[in-house]
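Here, residue 1 is the first one in the sequence, and each next residue gets the next number.
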Amino acid sequence: MSQSSIGKNLRILREKCGYTQQQLANVLNIDCSTYSYYESGKTTPDISSLVLLSQVFSISLADLLGRD
C-alpha cells in the first residue's frame with residue numbers, strides 16, 4: 001500500500017463525511033499540518049491512528065487501506 005493511496009482514501013473519506021482536516025487532527029491529537037501530510041502522502045499515519053480513523057469513518061481497517 002503506497003502512502004499516496006492511503007492519503008487519497010483519507011481525503012475522499014474526509015470529504016464524504018464532511019470533516020475538515022482540523023477536526024480529524026483534533027480527534028487524532030495531532031497538528032493539522034501532520035494530518036495534511038497524511039493526505040498528501042508525505043507521511044503515513046501510525047497503526048493506532050489508522051485504527052482510530054477507521055472507527056471515525058465507520059469502515060474496516062482493510063477498507064481504509066484500500067484493500068479488498
### Query
How would you list all residue pairs meeting salt bridge (charged side-chain N to carboxylate O under 4.0 Å, His left out) that involve residues 15-31, not counting sequence neighbours?
Arg11-Glu15
### Query
Are Leu28 and Ile12 connected in the hydrophobic side-chain network, where two residues link if heavy atoms are under 4.5 Å apart?
no
Using distance only, find each side-chain donor-acceptor pair of residues 50-60 under 3.5 Å and give its atom names and separation, not counting sequence neighbours.
{"from": "Ser54", "atom 1": "OG", "to": "Val51", "atom 2": "O", "distance (Å)": "2.7"}
{"from": "Ser60", "atom 1": "OG", "to": "Asp63", "atom 2": "N", "distance (Å)": "3.0"}
{"from": "Ser60", "atom 1": "OG", "to": "Asp63", "atom 2": "OD2", "distance (Å)": "3.3"}

### Task
Go through the structure and list residues passing side chain to side chain donor-acceptor pair (under 3.5 Å) with Ser48, not counting sequence neighbours.
Asp46
### Query
Going hydrophobic residue to hydrophobic residue with side-chain gaps under 4.5 angstrom, can you get from Tyr37 over to Tyr19?
no
### Message
If the condition is side-chain contact (heavy atoms from CB on, under 4.5 Å), which residues does Gln22 pass it with, not counting sequence neighbours?
### Response
Thr20, Ala25, Asn26, Cys32
### Query
Of all residues at least two apart in sequence or in a different chain, which pass the side-chain contact (heavy atoms from CB on, under 4.5 Å) check with Asn29?
none
### Query
With sequence neighbours excluded, what pairs up with Ser36 under the side-chain contact (heavy atoms from CB on, under 4.5 Å) test?
Gln21
### Query
To the nearest 0.5 Å, how far apart are CG in Leu24 and CG in Leu10?
8.5 Å
### Query
Is there a side-chain contact between Ile6 and Leu65 (heavy atoms, below 4.5 Å)?
yes
### Message
Does this structure show an ion pair linking Glu39 with Lys8, if we count only N-O contacts that are shorter than 4.0 Å?
### Response
no
### Smallest separation among heavy atoms of Thr43 and Tyr38, with atom names
OG1-CD2, 3.3 Å
